[in-house]
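Here is the structure we will look at, set down as structure tokens.
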Amino acid sequence: MTLLPTHPNFKSHFTELLSRALNTFSNADLGINIEFARPKQASHGDYSCNLAMQLAKPLRQDPRTIATLLINAMPASPYLEKIEVAGAGFINLFLTISTKQQFPRIVLEERKEFGCSNFGTGKKIQVEFVSANPTGPLHVGHGRGAAFGASLANVLAATGFSVTREYYVNDAGRQMDILAVSTWLRYLELNDLAILFPTNAYQGEYVRNMAELIYKAHGNHYVRQHDLLTGDIASVRIKGEEDSEALLDQLIADTKNLLGEDYTYFHNFVLTEQLGDCRNDLMEFGVVFDTWFPEQALFEDGAVAHVIKLLEQKDYLYQKDGARWFRSSDFGDEKDRVVQRENGQFTYFASDIAYHLNKFQRGFVRIINVWGADHHGYILRVKGALQALALDSSKLEIVLVQFAVLYRDGVKAPMSTRSGEFVTLRELRQEVGNDAARFFYLLRKNDQHLDFDLDLAKSQHNDNPVYYVQYAHARVCSVLEQWGENLSILATADTAVLTSTVELSLLRKLIDYPEIVDAAARELSPHLITFYLKELAGEFHSYYNSTRFLVPEIPLRLARLSLIASIRQVLVNGLTLLGVSAPDKM
RNA sequence: GCCUUGGUAGCUCAGUGGAUAGAGCGACCCCCUCCUAAGGGGUAGGUCGCAAGUUCGAUUCUUGCCCAGGGCGCCA
């Protein structure tokens, strides 16, 4: 038996063998990718390759003949029991049983490292996600971005990338001004001043709470009397003002004038308050960032002005209707986009360009933005701006996450930001728990709409997938505790007695895990981990019911315990990537 | 109208250029003297939206059509 020093990468190993076989063909260089699949059916082997069928046409030969030639030309592998030609010309590879039986040991030796790889070769990569405006509590849509981004970053880190997790803080724009003004208006209310409160200002209860904090700390210090905001003129302005957004802009300008220096206090107060709340919320959710990148910095250090100047010099900007436009239609966008408004203010797009230039300057090899699906119209303009700056826009990968819709008692939960009527992430976490929330968010592909079933997430039944997986872990813990001996001897257990169908299937499942992590990283699809864990837990539960572990025969007992201990390790590793806990008892 | 994502079992959804298309739930029938029944086993259930094309081979890729969700601002 060949003792495996560590977990071999079977796919690359076999690719190497087959490509050497292929090279013995005189006309071998056909640019065909050698790929291995894992057949669904055990009788089709552990790995399957369709190379011969792909070669059939260019070589003008029968695929089964080519397959036979390839097999004969393949160097021997210590891992292989046999190689077969099957079906229309598949090359099916069968691992030796002893190779498979070494996996419990490998898992127990590598522990947390099992499933990790050096696929990323330490390349600097950035994952930017959530990046919600700090203008109110995070809602369940942000929660999905948070769960997805955090797990994606974990997966990329596990596969050898040097990952920076970043949150871009929109602390400079108009929305922050609206929040500051909204808070000031609520503050005036607390001082018994009759004022207008525009319908498109922030309506949420948290705005009143902030106003109250300021009122308690500073009394009427920030009260300003002005007929712009009270009495007849205010109502006239509301009635007469058709464009409510323009009214808000005016209100912001008025407030800045009235408060002068004190406006900064309001702005900073609401920013600090909301950002702190957001940070806590995410931290409790198990989502942490390496960098919180403030938009304000891009204005303060002149990066925005600089990038606008660059684009200007390259003739990608022009004036129209008093505003300044970027020629994004030159890059496939359906129309040009404003970078500087008529009132002189830069749009978010302007600072976004500066921000992305900054990302490139920081030397990331790959830049991944996780955006809500509603931003998909932004992709072309941002990439266009990068191209205009002569940067390689393919370094920027944008992953869109669709919205999540909550269902309670089979009925859609209301979701309207404008009215302030929405379920916050914090409420969701309190209702279903962090684990269920993290797991449920990754129950669907990112580009799929997610129906989040609150009742299911809360239920403690076998149909709740998060409990199903965690329960498998708890069951292993329980068995090992009853066994009560030192776990370290399991790594050296003789597993040659693991030969039943379910045991072989479980061994194969262990072998799958690193390939699943690898695929999740390549495809930026952490949900693959979720599906894998459900399957692994399912096979384990089946094993548990069919087979007794604590049997009298010691070698058999140790072998089975070794297997379930390694399953436990893989469950822990996978759950860790998802940010879900693995409780010992349930 | 344009962009985008979907349409796979009664429901919710995986999956894949290949071999007999999978899982969970629901339905029906079983399994605790036994390591946690928050579990397991079994039965039934399919024109992979429709049509053409590419291919040795298409549920998968292309195009068209039908249906559904989402997005299309000098908002972010």
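Predicted, not measured: the structure shown is a model, and the values here were computed from it. Just so it is clear: chains get the letters A, B, ... in the order the sequence lines come, proteins before strands, and each one is counted from 1.
In terms of phosphate contacts, Arg475(A) brings a side-chain nitrogen or oxygen within less than 4.0 Å of OP1 or OP2 of rA37(B). Contact check, Lys445(A) against rG15(B): a side-chain N or O comes under 4.0 Å of OP1 or OP2. Here Tyr544(A) does not reach the OP1 or OP2 of rA38(B): none of its side-chain N or O atoms lies under 4.0 Å away. Close to rC74(B), at under 4.0 Å from its OP1 or OP2, lies a side-chain N or O of Lys335(A).
Judged by distance alone, with hydrogens and angles left aside, the side-chain atoms of Asp453(A) form a donor-acceptor pair with the main-chain N or O of Asp455(A) at under 3.5 Å. Within the 3.5 Å criterion, the main-chain N or O of Glu503(A) finds a donor-acceptor partner in the side chain of Ser500(A). Looking at Ser131(A), its side chain does come within 3.5 Å of a backbone N or O of Tyr168(A) through a donor-acceptor pair. Remark: the backbone N or O of Gln402(A) is paired with a side-chain donor or acceptor of Arg144(A) at under 3.5 angstrom.
For His527(A), the side-chain atoms get nearest to rG15(B) when compared with the rest of rG70(B), rG15(B), rA19(B). Taking only side-chain atoms of Arg341(A), from C-beta outward, the nucleotide of rC75(B), rA37(B), rG73(B) with the closest atom is rC75(B). Nearest to the side chain of Asp321(A), among rC74(B), rC13(B), rG6(B), sits rC74(B). The side chain of Leu550(A) has rC35(B) as its nearest neighbour among rC35(B), rG71(B), rA38(B). Distance from the side chain of Tyr467(A) is smallest to rA38(B) among rC35(B), rA38(B), rC74(B). Closest contact between the side chain of Met586(A) and the listed nucleotides rA38(B), rG40(B), rG71(B) involves rA38(B). Distances were taken from every side-chain heavy atom of Leu528(A) (C-beta onward) to each of rG69(B), rC74(B), rG15(B); the shortest belongs to rG15(B). Residue Tyr348(A) places its side chain closer to rC75(B) than to any other of rA37(B), rC75(B), rA19(B). For Phe531(A), counting side-chain heavy atoms from C-beta on, the closest listed nucleotide (rC13(B), rC35(B), rA38(B)) is rC13(B). Nearest to the side chain of Asn545(A), among rA19(B), rG40(B), rA14(B), sits rG40(B).
Atom pair Arg548(A):CZ and rC34(B):C1' shows a separation of 5 Å (rounding to whole Å applied). For Leu251(A) and rC75(B), the CG to P distance is 16 Å, given to the nearest whole Å. For Glu535(A) and rA14(B), the CD to P distance is 13 Å, given to the nearest whole Å. Between Phe439(A) atom CZ and rG24(B) atom P the separation is 14 Å, expressed in whole Å. Taking atom CG of residue Leu533(A) and atom P of nucleotide rA14(B), one finds them 17 Å apart after rounding to whole Å. We find that CZ of Arg38(A) is positioned 17 Å from P of rG22(B), with the value rounded to whole Å. In this structure, the OH atom of Tyr47(A) is 19 Å from the C1' atom of rA19(B), given to the nearest Å. A straight line from NZ of Lys585(A) to P of rC35(B) spans 15 Å, rounded to a whole angstrom.
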Polar atom pairs (N or O), protein with nucleotides 54-57 of chain B, under 3.5 Å:
from    : atom 1 : to       : atom 2 : distance (Å)
rC56(B) : OP1    : Lys57(A) : NZ     : 2.6
rC56(B) : OP2    : Lys57(A) : NZ     : 3.3

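Comparing the same atom, P, in rU60(B) and in rA52(B) gives a spacing of 13 Å after rounding to whole Å. Taking atom P in both rU12(B) and rG49(B), the straight-line distance is 15 Å, to the nearest Å. Here, rC74(B) and rG6(B) have their P atoms 29 Å apart, quoted to the whole Å. rG45(B) and rA23(B) have their P atoms separated by 14 Å, given to the nearest Å. Comparing rC72(B) with rC25(B), their C1' atoms are spaced 37 Å from each other, to the whole Å. Annotation: rC48(B) and rU59(B) have their C1' atoms spaced 4 Å apart (nearest Å). Taking atom P on both nucleotides, rG57(B) is separated from rU4(B) by 30 Å, rounded to a whole Å. Comparing rC75(B) with rA51(B), their C1' atoms are spaced 42 Å from each other, to the whole Å.
In terms of position on RNA chain B, the residue among Trp325(A) and Ala373(A) whose nearest nucleotide sits closer to the 5' end is Ala373(A). Of the two residues near RNA chain B, Ser478(A) and Lys534(A), the one whose nearest nucleotide lies more 5' is Lys534(A).
Not a single donor-acceptor pair, N or O on each side, falls under 3.5 Å between the base of rG40(B) and the side chain of His541(A). On a pure distance criterion of 3.5 Å, no polar donor-acceptor pair joins the side chain of Gln448(A) and the base of rU5(B).
Aromatic ring centres of Tyr47(A) and Phe94(A) lie farther apart than the 6.0 Å criterion allows. Here His541(A) and Tyr468(A) bring their ring centres to under 6.0 angstrom of each other. Here the two rings, on Tyr167(A) and Phe129(A), have centers that are 6.0 Å apart or farther. Taking the six-membered ring for Trp and the full ring otherwise, the centers of Tyr441(A) and Phe148(A) sit at least 6.0 Å from each other.
Among the protein residues, Arg444(A) comes within range of the sugar-phosphate backbone only, with heavy atoms under 4.0 Å from sugar or phosphate atoms but none that close to a base. Across all strands, Thr547(A) comes closer than 4.0 Å to base atoms (heavy-atom distances). At a threshold of 4.0 angstrom between heavy atoms, the contacts of Ala474(A) include nucleobase atoms, whether or not backbone atoms are also involved. Across all strands, Ser48(A) comes closer than 4.0 Å to base atoms (heavy-atom distances). Within 4.0 Å of Asp584(A), counting heavy atoms only, lies at least one base atom of the nucleic acid. Glu334(A) comes within 4.0 angstrom of sugar-phosphate atoms only, judged by non-hydrogen atoms across all strands, and of no base. Residue Asn446(A) is out of contact with every strand shown, counting any heavy-atom pair closer than 4.0 Å.
Both the sub-6.0 Å distance and the 45° axial angle are satisfied by Arg279(A) relative to the ring of Trp292(A). Taking the ring centre of Tyr544(A) as origin, the terminal cationic atom of Arg475(A) falls inside the region bounded by 6.0 Å and 45° from the ring axis. The cationic group of Arg381(A) does not satisfy the cation-pi geometry with Phe326(A), failing either the under 6.0 Å distance to the six-membered ring centre or the 45° limit from the ring axis.
Across all strands shown, rC2(B) forms a Watson-Crick or G-U wobble pair with rG71(B), both key distances being under 3.5 Å. Base pairing annotation: rA51(B) forms a Watson-Crick or G-U wobble pair with rU63(B), both donor-acceptor distances under 3.5 Å. Pairing partner, rA23(B): rU12(B), with both Watson-Crick or wobble hydrogen-bond distances short of 3.5 Å.
Between Phe90(A) and rA19(B), a base-stacking contact is recorded: ring centres under 5.5 Å apart, planes less than 30° from parallel.
Counting heavy atoms from C-beta on, the side chains of Pro39(A) and Ser48(A) come closer than 4.5 Å.
Taking syn as a glycosidic angle within 90° of 0, rC28(B) does not qualify and is anti.
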